[in-house]
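A short worksheet on the structure shown next.
Chain A is the first sequence line, chain B the second, and so forth, proteins listed ahead of strands; every chain is numbered from 1.
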Number of protein chains: 2
Amino acid sequence: MARLGTSVEEPVRQRLLSAATRLFADKGFESTSVQEIVAAAGVTKGAMYHYFDSKDDLLHEIYGRVLRMQMDRLRHFADGEGTVAERLHAAAADVINTTVDNLDDSKIFFRSNHQLAPDTRKVVRAERRRYHERFRDLVLEGQQLGVFNTDVPAEMVVDFFFGSVHHLGTWYHPDGPLTGSEVGRYFADLLLRSLTPAS
Amino acid sequence: MARLGTSVEEPVRQRLLSAATRLFADKGFESTSVQEIVAAAGVTKGAMYHYFDSKDDLLHEIYGRVLRMQMDRLRHFADGEGTVAERLHAAAADVINTTVDNLDDSKIFFRSNHQLAPDTRKVVRAERRRYHERFRDLVLEGQQLGVFNTDVPAEMVVDFFFGSVHHLGTWYHPDGPLTGSEVGRYFADLLLRSLTPAS
DNA sequence: ACCAGCATACCGACTGGTCGGTCAAGAAGA
DNA sequence: TCTTCTTGACCGACCAGTCGGTATGCTGGT
């Protein structure tokens with residue numbers, strides 16, 4: 001059992017998670033064999049099946065990490081200070097920033113959803129829904145205060161925006177000309193302007 | 001040889017394409033076996049390998065169909081009549097409409113990209129890029145005419161918007177309360193407003 | 001009218017190989 | 001000695017693709 005500061009190396013469980021994340025993002029869940037994962041982590045299958053119930057369980061853990069992190073950050077910005085517009089802008093820019101910082105997780109999240117076992121999928125979907133609802137409530141708050149347009153339902157605005165976030169994994173490259181913060185600002189600007197009354 | 005109106009049934013090739021589309025969209029490319037596809041189409045493996053070179057080839061054909069259709073429609077709207085804003089709005093609403101009408105194709109398109117053989121993927125990506133460029137040029141045209149905001153690069157606006165289109169397969173249900181046209185109008189409105197100067 | 005020759009369309013058993021997962025056994029610290 | 005962690009050989013299921021074969025019908029020579 002790894003105690004505090006016992007080993008220089010990452011513990012086996014972490015190494016497996018990291019290796020799996022990289023491989024799943026690169027080649028997809030189904031195209032990655034357990035053998036490849038354990039080889040990349042420098043262990044054998046027995047070790048993997050000691051820490052995880054199945055290949056599916058590994059994927060589920062990756063999902064869990066992302067979901068918890070995103071939810072924590074969203075709550076922090078949504079419940080923070082400032083006007084609704086400021087809080088929504090900050091939350092939107094932040095989710096793009098963290099998505100870009102964890103592009104592999106994001107790719108897996110949006111591409112391998114259908115590979116999860118039905119039960120696991122239900123859990124993930126429920127957690128995802130709560131996240132969306134918190135975001136939607138922010139939009140709703142602005143609409144009720146009269147600072148946002150009401151002609152497009154809040155629910156749809158959220159789906160519209162998260163499509164763009166989802167899509168980042170497809171075109172964004174960390175070594176490209178744009179930083180995550182820049183993309184975050186651009187996208188948050190577009191979102192806010194699409195919600196702001198014309199005159 | 002099927003002459004005009006000779007057979008009531010769809011020809012085998014079409015049946016295979018349809019069955020594969022449905023199954024790939026439901027369970028993903030890698031999780032669908034050739035055996036399942038031919039069973040759903042009511043033929044055997046021999047028939048499939050008579051019409052297609054490989055399982056990959058089948059996927060490639062599905063991609064080709066979607067790409068050709070989308071490009072044709074975009075050109076029609078982009079080169080049509082009306083102001084830039086009107087043409088962009090029409091093209092944006094239409095791509096959402098056809099995406100909703102062919103949700104299975106769309107799911108496959110955005111989810112199974114990485115399963116294609118490298119060569120095939122290059123071809124698909126190139127065609128996809130041309131599509132994006134045509135769309136971007138529309139935005140650029142509006143920016144140069146001064147009717148659209150210029151603070152966000154046209155390229156980024158396109159990536160922003162197509163993320164939302166991409167995402168449709170995740171949340172839209174044909175038997176839900178919204179028609180494709182309604183979603184198309186909402187999303188096109190959001191896009192146009194995000195491009196329109198505030199005052 | 002007939003037949004040989006050939007192409008198209010399709011069948012389904014089979015092959016070589018891969019995969020997720022199991023398990024008996026060993027190493028090492030407490 | 002007991003527990004925790006790790007090994008690697010192994011199993012049964014499954015999969016993409018192959019191949020020898022059949023049925024049908026068109027074509028041109030007689």
To the nearest Å, how far apart are [X] [atom1] and [N] [atom2]?
X	N	atom1	atom2	result
B:Phe52	D:dA16	CZ	P	15 Å
B:Leu59	D:dA16	CG	C1'	15 Å
A:Glu30	C:dT18	CD	P	17 Å
B:Ile37	D:dC14	CD1	P	17 Å
A:Met48	C:dC19	CE	C1'	13 Å
B:Asp56	D:dA16	CG	C1'	11 Å
A:Leu16	C:dG21	CG	C1'	15 Å

[X] side chain: which of [options] is closest?
X	options	result
B:Val12	D:dC5, C:dC10, C:dC19	C:dC10
B:Val43	D:dT7, C:dG20, C:dC11	C:dC11
A:Thr44	C:dG20, D:dT7, D:dG17	D:dT7

Does [X] make a side-chain N or O approach to OP1 or OP2 of [N] shorter than 4.0 Å?
X	N	answer
B:His50	C:dA9	yes
B:Lys55	D:dA16	yes
B:Tyr49	C:dC11	no

Close side-chain approach of [X] to [Y], heavy-atom, < 4.5 Å:
X	Y	result
A:Thr99	A:Phe109	no
A:Asp151	B:Tyr186	no
B:Asp189	B:Arg185	yes
B:His50	B:Val12	no

| said: On DNA chain D, compare the nucleotides closest to A:Gln35 and A:Tyr51; which residue's is nearer the 5' end? | reply: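 First, find each residue's nearest nucleotide; the 5'-ward one identifies A:Tyr51.
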
| request: Give one of base, sugar-phosphate or nothing for B:Ser31, where a contact means two heavy atoms less than 4.0 Å apart. | output: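 Touches nothing.
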
| message | Would the distance check show the side chain of A:Thr98 and the main-chain N or O of A:Val95 forming a donor-acceptor pair, the cut-off being under 3.5 Å? | response |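 Yes, because the side chain of A:Thr98 sits within donor-acceptor range (under 3.5 Å) of the backbone of A:Val95.
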
| When you match A:Glu36 and A:Gly46 each to their closest nucleotide on DNA chain C, which lands nearer the 5' end? |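 The answer here is A:Glu36.
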
| said: If you go through the side-chain atoms of A:Lys45, does one of them form a donor-acceptor pair with the base of D:dG8 closer than 3.5 Å? | reply: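 No pair found.
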
